[in-house]
Amino acid sequence: MNLATTVESTPRFWSEEPSNLPGRRRIRARIGGLHCSLCTGTIEKALGKRPGVDKVAVSLTHEQALIEYDPNVARAEDLLQTLKDIGYTVSDPRKLRPYDQEERALVRERGRFLTALVASVASMSLVGYPVDSVWFPLCVFALVSLVAFAFVVLRGYGLQRAMAGTTLLAVFAVGIYYFKLRGTFGATVPWLTGALALMLVFGVGQHIVRMAAMALRRGILNQHVLVEFGAFAGLAGGTIGLVLHPAGYPTAAFFAVTVMVLSYHIFSEWLSLIVKTRSSQAVKKLLDLEPDVAYLVKNGLEQEVPLEQVRVGDLVRIRPGGRVPVDGQVESGESDVDESLVTGEPLPDEKRAGDRVVSGAMNGHGTLLVRVTVVGEESFLRQVVRSVEDARALKPGLLHLVDRVLRVYTPIVLFTAAGAALFWLLGPLLIGSSPDLQRAVFAGLSVLVMGYPCAVGISAPLSIVRGAGEAAERGVLMRTGEAFQALRRVNRVVFDKTGTLTEGRPALRTIVATACTEEELLALAAAIEAFSEHPLARAVVEEAFKRGVALSEVQGFEAVAGQGVRARLGETRLMVGSPAFLAAEAVDLSAQDARITELEGRGLTVIGVARDGLLLGLLALGDALRPDAADTVRRLHALGIRTSLITGDNEQAARHFARAAGIEEVHARVLPAGKATMIRQLQEGARVAMVGDGINDAPALMQADVGVAFGSGADIAIESADVIILNQRLGAVLEAYAVSRNSYRKIVQNVSLAFLFNGIGIPAAATGLIYPIWGMVAMAASVTAIFINSLWGRGDYFFEAIRAVGHAPQMPSRATAS
């Protein structure tokens, strides 16, 4: 990955704003070049040492960093220069990288890996010994392992391409070895392998050298440092052979070690990038809700202008079916506006003169003239964007088991390698012998090669791929590495109400007929509502059709926005609407007051039907609890996991559905930013999973340790989540929890396998008796074992991930934003 060498100040490559702490500022920036959570530790350690820095939070999956600092002590430019100094790029988090740019990065990393793979095959073929050599079986094994490894990776591009590619590699290897045996290359073999090693170190893998050097300057030991120590040790060992020409010295083998070490590291980088790139595009999806243009009205004339030209006080016309581009107050017009991203309620809100509208909402069938009150970064939609950004940056860093081990493992391997080399150089002097240069080089290099944690580094991504296969079979999409690590540790699950705990669509739930039959009541109501596009009206008509009720044809339809409708059937006057509307029309509702109160207490919306001023009955409409909601909550409680409900809906409805599901803790009328804040508060004493489906849930989904969204929900909710439920069953939350536990167990197995090789290999290598090729064979064997264990029975998902490289993922668009 190409790394920037400068951080431009104009335009500014970060966003800055006041902190919640007095006298402090907050920087938010996108960090490029992150590969594993060792990278996040590198950044946090480097910035944490700087005076004036109070807090550093880095999200690996979303490549975001949030820094809180004292502007009287430190400058933002200097802090971000520190990131540049240790090899990372800095860019503005508000400027989103398009899909094609991310795919180009994947294609570039794929090209690096394939180049390194060909170089590895070539170097091993050049190293290959005559058939009568004791090292010949090792060379054959290493070459076969490389070709088999290539086949597994290339299998993602189809069986025929994989077979063709590996056949070419095999022919290539055999050809080089054949000409080597014939003496075609002669004394140039060490020079050829040395050239391949230099090409990988300072060509294909130059970014690794740069990041390792910058980390060392800061006194940080990470995986890049360990890789380069192994690579440069191989170069040093080969150079000794070229300069001193010791008898029987394996010069070419040392250079081949360098090639192999870098090849496996480049592969692990590519694999990690595949997993990471498929993560969130949440802010892009969210900003898509904001129209690019607004219809400005001046002097009675309407003009289409870019949104950036709209100013406070301007008049903007909102057309039917369009998105609201600004925050403002309705000057004239009436329409139903879907503000579910604000309220969380499933029903549109009727707007008329004097009412407020917010950016991102969806206008219904009317036209509104709106006076602009807020523009730019202070608009509601932009505030939600900032909430999502804060949540992704403040999201607790979830260190994988692998990375926690590597923090200790890296310095131990480096210390062991240096100690082993010094022992065989200085030890003989203590007993009066000459230093054993070859044994010292063998010991140091073999420890670095056998200790290189490539197998450990790929164990987590491969386990994620395998777990993704298990989850997909259960109707669950696990989108991020955090989900596999964190979901198994969750001890509190927070549910949204509308569309999550409930089905998310209004339907007729109860019919109360007082002066006619239920069928007649429904027929009259549906005949009137057939002329309306309101969601409640459609629910009444759908129920009538479902029951096969014949509808009469009414005349004189007249809608009273937000209240009800009037119509005539022959000489009969009919009215359908809210209790308040009927009361205003002199309809006596006193006999049904208790019943209305009881129905509204169940979270239902009540409408009455009257004929010639006489109440015929009541229709209660509303959402319904998902069929498996109560069982899911009960099973969560049985696992010791507590539950909460957070919703933007009213208190009465929230408590009704919470009681029905068995949830005790309820928070109602909570706005999107407030949901994220509440999740943060809960995280102080628990590991929290948030389950939601709406735009208003996006900040909370991002903030939670694990965000779970329904596949039928809003795009922004899906893109903010770590886990997506595809089969619409709330019980899939439990299945995702089981997959998380199984995947973590697989990671532990992989780490155990990797360290079984390393635990045996490192002490043996420290003796200085291990030939360098043995180190390569052990590394190849450990990687192969991890591959087999991780992908056994689930390899297709790994191949699909590779096949998708270079093709932007297609997300289905959804109109819903509830």
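The shown structure was predicted, so the numbers you read here are calculated from the model rather than taken from an experiment.
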In short, Ala620 meets Leu508 closest at the heavy-atom pair O-CD1, 3.6 Å
Interatomic distance, Arg745 atom CZ to Arg488 atom CZ [nearest 0.5 angstrom]: 10.5 Å
Donor-acceptor pair, side chain of Arg509 and main chain of Gly622, under 3.5 angstrom: yes
Test item: Thr632 and Leu734 side chains (from C-beta on) under 4.5 Å apart, heavy atoms: yes
Let's go through Ile596 and Leu599 carefully: what are the C-alpha distance in whole Å and the side-chain angles of both, what is the deciding distance for side chain to side chain contact (heavy atoms under 4.5 Å, CB included) to 0.1 Å, and is it a yes or a no? CA-CA 5 Å; Ile596 292 171; Leu599 290 171; 5.8 Å; no
Glu503 and Pro627, any side-chain heavy atoms less than 4.5 Å apart: yes
List the steps, then state whether side chain to side chain contact (heavy atoms under 4.5 Å, CB included) holds for Arg729 with Glu735. CA-CA 10 Å; Arg729 292 187 304 104; Glu735 295 174 353; 3.0 Å; yes
Determine the minimum heavy-atom distance between Gly48 and Val56, stating which atoms define it. N-CG2, 4.4 Å
Kindly say whether Ala736 contributes a backbone atom to a donor-acceptor pair with the side chain of Ser740 at under 3.5 angstrom? no
If we ignore angles and hydrogens, is there a donor and acceptor under 3.5 Å between the side chains of Thr643 and Arg492? no
Looking at every heavy atom in both Ala658 and Val666, which two are closest together, and how far apart are they? CB-CG2, 3.3 Å
For the side chain of Asp705 and the backbone of Val688, is there at least one donor-acceptor N/O pair under 3.5 Å apart? yes
Approximate separation, where rounding is to 0.5 Å, of Leu639 CG and Arg634 CZ: 10.0 Å
So do Thr647 and Phe657 actually touch side chain to side chain, heavy atoms under 4.5 Å? no
Carboxylate-amine/guanidinium contact Arg24 Glu68, below 4.0 Å: no
Please report the C-alpha distance between Leu604 and Leu621 in whole Å, then the side-chain angles of each, then the deciding distance to 0.1 Å, and finally whether the side chain to side chain contact (heavy atoms under 4.5 Å, CB included) criterion is met. CA-CA 5 Å; Leu604 300 176; Leu621 302 99; over 6 Å; no
Counting C-beta onward and ignoring hydrogens, is there a side-chain heavy-atom pair between Arg680 and Gln703 closer than 4.5 Å? yes
Are Val494 and Leu645 close enough that some pair of their side-chain heavy atoms sits under 4.5 Å apart? no
Distance, nearest 0.5 Å, that separates OG1 of Thr500 from CG of Leu730: 8.0 Å
So which atom in Val670 and which in Lys675 form the shortest heavy-atom distance, rounded to 0.1 Å? CG1-N, 3.4 Å
Would you say that more than 12 heavy atoms from the other residues, nucleotides or ligands in this model lie under 6.0 Å from the CD of Glu664, or not? no
How long is the straight-line distance from CG of Asp631 back to CG of Asp628, given to the nearest 0.5 Å? 7.0 Å
Any idea which heavy atoms bring Ala709 and Leu701 closest together, and the distance? CB-CD1, 4.3 Å
Report yes if the side chains of Leu501 and Ile663 come closer than 4.5 Å at any heavy-atom pair, otherwise no. yes
Nearest heavy-atom neighbours spanning Ala507 and Ala539: CA-CB, 4.0 Å
If I take atom CG from residue Leu83 and atom CG from residue Leu47, how far apart are they, to the nearest 0.5 angstrom? 4.5 Å
Would you confirm whether Asn491, through its side chain, and Ile641, through its main-chain N or O, come within 3.5 Å as a donor-acceptor pair? no
From Arg642 CZ over to Leu682 CG, what is the distance, rounded to the nearest 0.5 angstrom? 9.0 Å
Strictly distance-based, threshold 3.5 Å: is any side-chain N or O of Arg669 a donor or acceptor partner for the main-chain N or O of Glu651? no
Could you check whether any side-chain heavy atom of Phe495 comes within less than 4.5 Å of a side-chain heavy atom of Leu636, counting everything from C-beta outward? yes
Heavy-atom check, side chain of Asp496 versus side chain of Met690, under 4.5 Å: yes
